[in-house]
**Student:** 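Please read through the structure below; I'll follow up with questions.
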Amino acid sequence: MPLRFYDTATREVRDFVPLEEGKVGIYLCGLTVQSEPHVGHIRSGVNFDVLQRWLRVKGYDVTFIRNTTDIDDKILAKSAEQGRPWYNLAYAMNRELQKAYDALNVAPPTYEPAATGHVPEIIELINELIARGNAYAAEDGSGDVYFDVRSWPAYGELTRQRIDDMEAATDADPRGKRDPRDFALWKGWKKETEPETAAWPSPWGPGRPGWHIECSAMAGKYLGPAFDIHGGGVDLRFPHHENEQAQSRAAGRPFASYWLHNAWITTSGEKMSKSLGNSLLVPSVLERVRAIELRFYMVAAHYRSHVEFSFEALDEAAAGFRRIEGYLDRAASVLGSVPDGGMLCAEFLEAMDDDLGTPAAVAAIHDVVREGNKLLAGGASEALRGNAASVRAMLDVLGLDPADPAYAGSGGSDDGKLSAVVDALVGGLLAERDAARAAKDYAAADAIRDRIKAAGIEIEDTPNGPRWTV
RNA sequence: GGUGGGUUGGCCGAGAGGCGAGGCAACGGACUGCAAAUCCGUGUACACGGGUUCAAAUCCCGUACCCACCUCCA
């Protein structure tokens, strides 16, 4: 079966055919860096990271562009409230976002362009749209430039809406618009309320880019007029993606061939709003579970399925992951090490090819783990080596290989040292316990085990002697 | 008003006409000095009402409830 994706534009699963054989260009709308990232924000990063990894496994040469929006109304408003420059807020929040991506092993994109770095490309695109009669400078002296939705008959095609059915925005400032649904390509500088640093020179006077135009300009710059996949959260379908497509196509660029949208993580059935408390911010969640467990929780659900976030479900997912991880640990202690580069099983491959079916892929891993646990009873063997390597390889595709250096503990190199220290200390106690067990003094043996357990370390007796795990 | 998505067992979460995905929890068995881990086994699940079909969680019609988007949003 060929690789296929659910394309939001056509609402069907379609075979994936790249524009150029062997190559894939992906544009993902990243975040507006205006606040700390919560688990909802990070989901699209994780989902599209899996996409990127899978395309690489399939042998594609992937160009992956994920932007950040570093200037917009909200960033300006928040920075004013906080009494600091907008660029400082955007930069600081971007650093927090990068930390969260790193923690969750979200691989860096090919490039991460920012809106403010692409004003010339944006101006060029707006000029093209004006020249073609699809955009106009407002006549009210505001310095705004709008896209003329009535001039583009295909407007609404991505989300299958007719202009006349759309509610005109109640909160939008009509200013110099010809139609209330026209959207800003360029926003004239508001001298009284906006800092001078938030304005760039343009043919229409000082101002800044509108929200949608940056993505069209940057996708064009790095991926060309036509590219393969455009991604983002479902909420971006309209207006953001609709507008991106309209302005790009109106400028003569075919734009994206496939649209992929990830669903939400909600809490209490509601969208995770940016005004929520901080309990769901990534660093806060990571105080409860390890980053690899949080990632497993996200990957175990399909990217198009709505996930109702709960700490109970998160803990369950973590327990499920530890089962896989425990197997790899035991296999490694029997084999010496588990090699990388193992085979992906057929069920896993088929699942991933089918619109990134990560739930079925995870189920396939569990099946292989069960076989591996049986093999483990027979001690070291080539079958066990192959099985464990396979599990590792499949986890790696999902960004979940426990041996990935990305997950090498927050304490860095201290982890290894600490482990050696604990091993030495626990080792002494285990020797005492073994002596007691040999003498059939089980009360004494259990007392030692209880003492170790009280310190947070579990003891398991295996055919190769006792093992400890934290 | 317009456009989409959803409702699956104690819980999470797949599937999209025909063998009960998988995990967590629970229970029984094996193993163990006892545990833990592991393996084996155990489940009247598909919001409700009709319909189509040899066969429906899956398709059709209707109903209820929930959610998202309609120019700030992952």
Side-chain angles (χ1 to χ4, degrees), chain A residues 8 11 28-32 34 37-48 69 72-75 77 149 156 159-172 177 180-184 210-212 231-240 242-243 261-266 269-274 296-297 300-302 304-308 310 312-321 323-324 326-327 329-330 347 351 357-367 369-370 372-374 376-377 437 440-443 445-446 449-450 453 458-462 466-467 469:
Chain A
T8 318
R11 285 179 206 158
L28 172 65
C29 286
L31 301 186
T32 298
Q34 48 136 335
H38 57 57
V39 293
H41 290 135
I42 212 73
R43 182 183 190 186
S44 87
V46 168
N47 286 159
F48 285 93
T69 297
D72 84 325
D73 294 350
K74 240 180 181 171
I75 291 173
V149 297
T159 49
R160 296 191 188 179
Q161 301 183 87
R162 298 181 325 126
I163 293 176
D164 293 321
D165 288 338
M166 295 175 191
E167 271 179 14
T170 50
D171 59 335
K177 293 184 181 181
R181 280 144 290 217
D182 289 351
F183 57 90
W211 175 37
H212 320 292
V234 277
D235 58 316
L236 296 180
R237 277 164 38 242
F238 194 89
H240 187 54
E242 185 74 67
N243 291 354
H261 289 102
N262 65 277
W264 294 97
I265 294 186
T266 59
E270 304 261 309
K271 178 169 165 174
M272 235 175 241
S273 136
K274 291 185 177 180
F296 180 79
Y297 174 59
H302 189 88
R304 283 195 285 117
S305 292
H306 164 152
V307 168
E308 169 66 16
S310 74
E312 292 70 25
L314 182 60
D315 289 343
E316 276 183 15
F321 184 72
R323 172 183 158 78
I324 299 172
Y327 161 65
D329 277 349
R330 290 189 296 278
E347 290 77 10
T358 53
V362 168
I365 293 174
H366 277 294
D367 287 342
V369 166
R370 189 176 311 105
N373 274 320
K374 285 188 224 172
L376 213 41
R437 291 177 71 204
K440 299 214 192 292
D441 182 358
Y442 295 120
D446 290 351
R449 186 170 64 195
D450 290 345
K453 185 171 184 177
E458 292 286 343
I459 300 304
E460 296 170 23
D461 293 318
T462 77
R467 299 176 67 231
T469 47

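Every heavy atom of this structure was used, including side-chain atoms; hydrogens, water molecules and symmetry mates were not. Since the structure is predicted, the reported quantities are computational estimates derived from the model, not experimental observations. Note on naming: letters A, B, ... go to the chains in the order of the sequence lines (proteins, then strands), and numbering restarts at 1 for each one.
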**Student:** For B:U63 and B:A56, measure between their P atoms and round to the nearest Å.
**Tutor:** 24 Å
**Student:** Could you say whether A:Val149 or A:Arg330 is positioned toward the 5' end of RNA chain B, judged by the nucleotide with the nearest heavy atom to each?
**Tutor:**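 Here A:Arg330 is the residue nearer the 5' end.
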**Student:** For B:C27 and B:G17, measure between their C1' atoms and round to the nearest Å.
**Tutor:** 34 Å
**Student:** With C1' as the reference atom in both, quote the distance from B:A57 to B:G15 in angstrom, rounded to an integer.
**Tutor:** 9 Å
**Student:** Any Lys/Arg nitrogen of A:Lys453 or A:Asp450 sitting under 4.0 Å from an Asp/Glu carboxylate oxygen of the other?
**Tutor:**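 So A:Lys453 does not pair with A:Asp450 through a salt bridge.
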**Student:** Only Watson-Crick and G-U wobble pairs, only distances under 3.5 Å, only runs of 3 or more: what stems does that leave for RNA chain B?
**Tutor:**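 The stems are B:1-7 with B:64-70, B:10-12 with B:22-24, B:26-30 with B:38-42, B:47-51 with B:59-63.
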**Student:** Which comes earlier along RNA chain B counting from the 5' end, the contact point of A:Ala263 or that of A:Ala319, where each point is its nearest nucleotide?
**Tutor:** A:Ala319
**Student:** For nucleotides B:A36 and B:A45, find the distance between their C1' atoms and express it as a whole number of Å.
**Tutor:**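 One C1' to the other, the span is 32 Å.
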**Student:** What closest approach, in Å, do A:Ser310 and A:Ala313 show between heavy atoms, and which atom pair accounts for it?
**Tutor:**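 Taking every non-hydrogen atom into account, OG-N, 3.0 Å.
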**Student:** Shortest non-hydrogen contact from A:Thr69 to A:Ile75?
**Tutor:** O-CD1, 3.7 Å
**Student:** Could you tell me how far B:G28 sits from B:A35 if I compare only their P atoms? Round to whole Å.
**Tutor:** 12 Å
**Student:** Using a cut-off of less than 4.0 Å, is there contact between a side-chain N or O of A:Arg237 and OP1 or OP2 of B:A68?
**Tutor:**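 Checking B:A68 against A:Arg237, no side-chain N or O comes under 4.0 Å of OP1 or OP2.
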**Student:** Check side-chain hydrogen bond (donor to acceptor under 3.5 Å, both in side chains) between A:Tyr327 and all other residues, then give those that pass, not counting sequence neighbours.
**Tutor:** A:Asn387
**Student:** Can you tell me how far OG1 of A:Thr462 sits from CZ of A:Arg330, rounded to the nearest 0.5 angstrom?
**Tutor:** 9.5 Å
**Student:** Got a sec, which residues hit side-chain hydrogen bond (donor to acceptor under 3.5 Å, both in side chains) with A:Arg11, two or more places apart in sequence or on another chain?
**Tutor:** none
**Student:** For the P atoms, the ones on B:C11 and on B:A16, what distance do you get once it is rounded to whole angstrom?
**Tutor:**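 Per the computed distance, 24 Å lies between those P atoms.
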**Student:** Using every non-hydrogen atom in the two residues, find where A:Ala300 and A:Val362 come nearest and quote the distance to one decimal.
**Tutor:**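 A:Ala300 and A:Val362 have their closest heavy atoms at CA-CG2, 4.3 Å.
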**Student:** Which value, in whole Å, describes the distance between the C1' atoms of nucleotides B:A21 and B:A14?
**Tutor:**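 Nearest-Å result for B:A21 against B:A14 at atom C1': 6 Å.
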**Student:** Polar-atom pairs under 3.5 Å, protein N or O versus N or O of nucleotides 39-43 of chain B: list them with distances, or write none.
**Tutor:**
residue, atom, partner, partner atom, Å
B:C39, OP1, A:Arg323, NH2, 3.2
B:C39, OP1, A:Asn373, ND2, 3.3
B:C39, OP2, A:Arg323, NH1, 3.2
B:C40, OP1, A:Lys374, NZ, 3.1

**Student:** Start with the C-alpha gap between A:Gln34 and A:Thr32, add the side-chain angles, then the distance that decides, and say whether side-chain hydrogen bond (donor to acceptor under 3.5 Å, both in side chains) holds.
**Tutor:** CA-CA 6 Å; A:Gln34 48 136 335; A:Thr32 298; 5.8 Å; no
**Student:** What are the two closest non-hydrogen atoms of A:Ile163 and A:Val149, and how far apart are they?
**Tutor:**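 Looking at all heavy atoms of both residues, the closest pair is CD1-O, 3.8 Å.
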**Student:** With 3.5 Å as the limit, what N/O pairs link the protein to nucleotides 32-35 of chain B?
**Tutor:**
residue, atom, partner, partner atom, Å
B:G33, O6, A:Arg437, NE, 3.3
B:G33, N1, A:Asp446, OD1, 3.0
B:G33, N2, A:Asp446, OD2, 2.7
B:C34, O2, A:Arg449, NH2, 2.7
B:C34, N3, A:Arg449, NH1, 3.0
B:C34, N3, A:Arg449, NH2, 3.3
B:C34, N4, A:Asp461, OD2, 3.2
B:A35, N6, A:Asp461, OD2, 3.4
B:A35, N1, A:Asp461, N, 3.2
B:A35, N1, A:Asp461, OD2, 3.3
B:A35, N3, A:Arg449, NH1, 3.0

**Student:** Please find the pair of heavy atoms, one from A:Pro466 and one from A:Asp461, that lie closest to each other, and give the distance.
**Tutor:** CB-OD1, 3.7 Å
**Student:** Any chance you could list the contact pattern along nucleotides 10-17 of chain B? Use B for base contacts, S for sugar-phosphate-only contacts and - for none, protein heavy atoms under 4.0 Å, 5' to 3'.
**Tutor:** -BSSS---
**Student:** With heavy atoms under 4.0 Å as the rule, sort A:Gly156 into base, sugar-phosphate or nothing.
**Tutor:** nothing
**Student:** Quick one: closest heavy-atom pair of A:His240 and A:Cys29, and the distance?
**Tutor:** NE2-SG, 3.5 Å
**Student:** Classify the nucleic acid contact of A:Gly232 as base, sugar-phosphate or nothing, counting any heavy atom under 4.0 Å across all strands shown.
**Tutor:**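 Sugar-phosphate only.
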**Student:** Checking all strands, does A:Asp367 fall into the base, sugar-phosphate, or nothing category for heavy-atom contacts under 4.0 angstrom?
**Tutor:** sugar-phosphate
**Student:** How far, in whole Å, is B:A55 from B:C19 if one measures between their C1' atoms?
**Tutor:** 13 Å
**Student:** For the pair made of CG in A:Asp235 and C1' in B:U71, what is the distance, rounded to whole Å?
**Tutor:**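 Taking CG of A:Asp235 and C1' of B:U71, I get 13 Å after rounding.
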